[in-house]
Amino acid sequence: MRELLLFNTLTRKKEVFIPIESGKVRMYCCGPTVYNYQHIGNLRTFFFEDILRRVLEINGYAVTHVLNITDVGHLISDEDEGDDKMELGAKRENKSVWEIAEYYTNVFKKDLERMHILPATHNPKATSYIHQQIAMVRCLEELGYTYVTGDGVYFDTSKFTGYGKLARLDIEGLEAGERVEFSVEKKNKTDFALWKFSPKDSQRQMEWESPWGKGFPGWHIECSAMSKALLGNNFDIHCGGVDHIPVHHTNEIAQSEACNREKFVNYWLHGEFLLETDGKMSKSKGEFLTLQYLMDKGFHPMHYRYFLMNTHYRKKLNFSFEALDGARTSFERLKNRILTLKDNEKERKVDNSNIEKYLSSFFSKINDDLNVTEALALLWEMLKDNALNPVEKIEIAFEMDKVFGFGLKDIEHEDEVLDVPDEVMQIAGQRMEAKNQQDYKKADDLRNQLSAMGWKVIDTKDGFKLEKL
RNA sequence: GGCGUGGUACCCAAGUGGUUUAAGGGGACGCUCUGCAAAAGCGUUAUUCAUGAGUUCGAAUCUCAUCCACGCCUCCA
């Protein structure tokens, strides 16, 4: 097996990946809270995880991939204040929280499919694992890691040695209470809720009985419980966005390692943010970009996928329509190249040493902490290499595409007459006629007329084709 | 206030001590093709890597300082 290097947040270094079980990888990825649409920044993280998954698979690993669905509403802040995002979403849309969860889960899965993000092996829902979450809180209680306050059961972070090591937290320097009221009942500012009690004065749509009374699970426990249930106490890879490092993943480690009394995760990988011109993309700002919005603007999900490959997953990326436009052009040209190669794919001798040369270079790039950006550059270099014949190029491109995920194999010539209005078709026909009679003045006039109507004529060797401007 | 990241051509960006006097894509320009265009193909496009010092035989890559932009310490991908 080839050597694969991955950047581990725990050590802040690239490390050689060694699975727990030979040839197999168990991987857990933090999924969305389904109270609203996912924005294109959220999708960047799932895209990064998809690349990771594909790189593992092309290296021959059998991957068990868990991507959870958070359908329990958590409070907006860590303290005992604020509203529940799910309940808020339900109120906003006049639906039940369960309907909200189902609707946004489906949209999310549809988005992943459109982005060619491979479906996970398991998509556990937090509400289906309440029992396991309660069991884990009990486990922590029995081992003396918890205490009860007026609003819930809390994890005492001072009892867990090495708390915050993932994030390299400077606990003293944390300014809890700066922007949020600090709960006086919390013993340490980093303590967090494992189980929250339902409010006495109002009825929650989602609540469950527990040994501590009616309530709902704290935010971090679901990932600890579900990963334990599906992947075991110790597994290979855990990923998510960089924002999860200081709080969510830090707390997951504390809970899981405290309860299981063994190492939780071997490799932690985190994807960087997508930024907008005015900073981080975030839902709380109100308006945010969705994949559907890009599609409404005439972009294909693959254009966005190509755009994301412009940079490494550990680097911030600025979103702009100008850059997305560039990605669209690049992708369309790439498709064109592949189609041309497919058309010229005649039986020719394949020189395996040519193929091997490119593929080994390809592997050295993707296996160096998922450098798809360089791998993509290699694809272009290869396509322009005159030493290769079309059959060889196709073979290499398809192999590389197992990681890129553009779906190059399935690319076909598009139907050239996609709902062209009769009138447009007629004028285009007249122009062709005029052109054949060498009446270029008239032909050009008709072409201008078409472009005024929003259509572009492209002459081909035996006719013409029309495109929308 | 604390922690951290980044500044590479017109744009998105790769590269983190010598094989790079800097990938790839977009754009622009030129050529081929075309009646002319478009589309497509080919080619050109940074002696230079925010700025200033320093380390080194050698730096975009290491060190220090300065300027600028951004992220985290709230829920967040």
Side-chain angles (χ1 to χ4, degrees), chain A residues 12 29-33 35 38-49 73-79 81-85 167-182 189-190 219 239-248 270-275 278-285 306-320 322-334 336-337 340 365 371-381 383-384 386 435-436 438-441 443-444 447-448 451 456-461 464-465 467:
Chain A
R12 310 284 151 110
C29 302
C30 283
T33 303
Y35 69 103
Q38 299 301 300
H39 59 59
I40 58 174
N42 299 128
L43 292 175
R44 184 185 180 198
T45 298
F46 302 113
F47 159 79
F48 136 67
E49 291 159 354
H74 297 307
L75 299 183
I76 281 171
S77 92
D78 194 5
E79 317 307 326
E81 323 197 347
D83 297 292
D84 178 305
K85 283 190 289 193
R168 310 203 163 168
L169 289 183
D170 168 16
I171 310 285
E172 297 305 312
L174 290 178
E175 291 205 8
E178 173 90 342
R179 280 178 279 188
V180 180
E181 286 293 311
F182 180 65
K189 45 193 166 190
T190 46
W219 339 327
C239 26
V242 282
D243 54 318
H244 281 153
I245 298 170
V247 179
H248 185 55
H270 294 95
E272 253 297 350
F273 278 138
L274 178 76
L275 306 175
D278 56 342
K280 193 179 98 181
M281 191 167 294
S282 111
K283 284 179 194 155
S284 47
K285 281 181 186 166
Y306 192 104
F307 166 79
L308 292 176
M309 294 215 198
N310 254 332
T311 193
H312 189 83
Y313 76 92
R314 279 192 288 116
K315 281 213 169 167
K316 293 177 185 73
L317 175 62
N318 292 303
F319 178 81
S320 72
E322 196 188 355
L324 186 61
D325 261 324
R328 164 162 57 193
T329 307
S330 305
F331 181 72
E332 293 303 321
R333 288 193 181 149
L334 174 63
N336 227 307
R337 291 245 175 193
T340 309
K365 292 176 193 310
N371 201 332
V372 279
T373 311
E374 283 204 22
L376 188 57
L378 184 70
L379 172 68
W380 281 102
E381 194 188 306
L383 290 172
K384 292 185 173 184
N386 293 325
K435 197 185 141 205
N436 287 339
Q438 302 191 351
D439 184 353
Y440 298 123
K441 173 81 176 68
D444 288 352
R447 185 166 62 199
N448 288 337
S451 85
K456 184 164 81 179
V457 201
I458 296 160
D459 286 343
T460 59
K461 51 180 183 289
F464 62 90
K465 100 186 167 181
E467 263 179 24

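Proteins get letters first, then strands, A, B, ... in listed order; numbering begins at 1 in each.
Comparing the P positions of B:rC76 and B:rU16 gives an interatomic distance of 34 Å, to the nearest angstrom. Nucleotides B:rA60 and B:rG6, compared at atom C1', are 14 Å apart to the nearest Å. When the C1' atom is used for both B:rU51 and B:rG58, the distance is 22 Å, rounded to whole Å. The C1' atoms of B:rA69 and B:rA50 are separated by 11 Å, rounded to the nearest whole Å. B:rU20 and B:rA39 have their P atoms separated by 35 Å, with the value rounded to a whole Å. Comparing B:rU8 with B:rA46, their C1' atoms are spaced 9 Å from each other, to the whole Å. Here, B:rA28 and B:rA9 have their C1' atoms 12 Å apart, quoted to the whole Å. Atom P of B:rA14 sits at a distance of 8 Å from the matching atom of B:rG7, rounded to the whole Å.
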Distances under 3.5 Å between nitrogen or oxygen atoms of protein and nucleotides 11-15 of chain B:
| residue | atom | partner | partner atom | Å |
| --- | --- | --- | --- | --- |
| B:rC12 | O2' | A:Asn310 | ND2 | 3.3 |
| B:rA13 | OP1 | A:Asn318 | N | 3.2 |
| B:rA13 | O3' | A:Thr311 | OG1 | 3.1 |
| B:rA13 | O2' | A:Asn310 | O | 2.9 |
| B:rA14 | OP1 | A:Thr311 | OG1 | 2.4 |
| B:rA14 | OP2 | A:Lys315 | NZ | 3.4 |
| B:rA14 | O2' | A:Glu374 | OE2 | 2.8 |
| B:rG15 | OP1 | A:Asn371 | ND2 | 3.1 |

For nucleotides 27-34 of chain B, give me one character per nucleotide, 5' to 3': B if any protein heavy atom sits under 4.0 Å from the base, S if the only such contacts are to the sugar-phosphate, - if neither.
S-------
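With sequence neighbours left out, the side-chain contact (heavy atoms from CB on, under 4.5 Å) criterion links A:Asp444 to A:Arg447. The side-chain hydrogen bond (donor to acceptor under 3.5 Å, both in side chains) check on A:His244 picks up nothing, with sequence neighbours excluded. Residues satisfying the side-chain hydrogen bond (donor to acceptor under 3.5 Å, both in side chains) test with A:Arg314, not counting sequence neighbours, are A:Asp369. A:Arg328 is linked by a side-chain hydrogen bond (donor to acceptor under 3.5 Å, both in side chains) to A:Asp325, counting only residues two or more places apart in sequence or in another chain. For A:Lys384, the salt bridge (charged side-chain N to carboxylate O under 4.0 Å, His left out) test picks out no residue, with sequence neighbours left out. Scanning for side-chain contact (heavy atoms from CB on, under 4.5 Å) contacts around A:Thr340 gives A:Asn336, A:Asn344, with sequence neighbours left out. A:Phe47 is linked by a ring-ring contact (aromatic ring centres under 6.0 Å, His included) to nothing, counting only residues two or more places apart in sequence or in another chain. Taking A:Thr329 as the reference, A:Arg333 meet the side-chain contact (heavy atoms from CB on, under 4.5 Å) condition, with sequence neighbours excluded. Partners of A:Thr311 under the side-chain contact (heavy atoms from CB on, under 4.5 Å) rule, at least two apart in sequence or in another chain, are A:Arg44, A:Lys315, A:Leu317.
The minimum heavy-atom distance between A:Arg12 and A:Ile245, with the atom names listed, is NH2-CG2, 4.4 Å. Of all non-hydrogen atoms in A:Tyr440 and A:Lys435, the two that sit nearest each other are CE2-O, 3.8 Å. Of all heavy-atom pairs spanning A:Pro246 and A:Ala167, the tightest one is CA-CB, 3.6 Å.
Distance, A:Glu332 CD to B:rA40 C1': 14 Å, rounded to whole Å. With rounding to whole Å, A:Leu308 atom CG is found 16 Å from B:rA77 atom P. As rounded to whole Å, 10 Å separates atom P of B:rU44 from atom NZ of A:Lys384. Separating the CD atom of A:Gln438 from the C1' atom of B:rC36 is a distance of 13 Å, rounded to the nearest angstrom.
Summary of the strand contacts: A:Glu272 and A:Asp325 both lie near RNA chain B, and taking for each the nucleotide with the nearest heavy atom, the more 5' one is attributed to A:Asp325. Toward the 5′ end of RNA chain B lies the nearest nucleotide of A:Lys456, the other residue of the pair A:Lys456 and A:Gly271 mapping further downstream.
If you check every strand for non-hydrogen atoms under 4.0 Å, A:His244 touches sugar and phosphate atoms only. Nucleic acid contact for A:Arg337: sugar-phosphate only, since backbone atoms but no base atoms lie under 4.0 Å from a heavy atom of the residue. Looking at heavy-atom distances under 4.0 Å, A:Gly240 makes contact with sugar-phosphate atoms alone, never a base.
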For RNA chain B, just give me the dot-bracket, please: Watson-Crick or G-U, both distances below 3.5 Å, ( ) intra-strand, [ ] crossing earlier pairs, | paired with another strand, . unpaired.
((((((((.[[[..)..(.....]]]((((((.......))))))....[[[[[..)....]]]]])))))))....
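Below the 3.5 angstrom threshold, one finds no donor paired with an acceptor across the side chain of A:Asp243 and the base of B:rG71.
Put simply, A:Tyr440 rests on the base of B:rG35: the two rings are less than 5.5 Å apart at their centres and nearly parallel, under 30°.
Nearest nucleotide to the A:Leu275 side chain, out of B:rC76, B:rG71, B:rG35: B:rG71. For A:Ile458, the listed nucleotide lying nearest its side chain is B:rA39; candidates were B:rA77, B:rA39, B:rG35. Here B:rG35 is the nucleotide among B:rG35, B:rC72, B:rA77 with the atom lying nearest to any side-chain atom of A:Arg447.
In this pair, A:Tyr313 and A:Phe48 present their aromatic rings parallel. The plane angle is below 30°, not in the 30 to 60° band.
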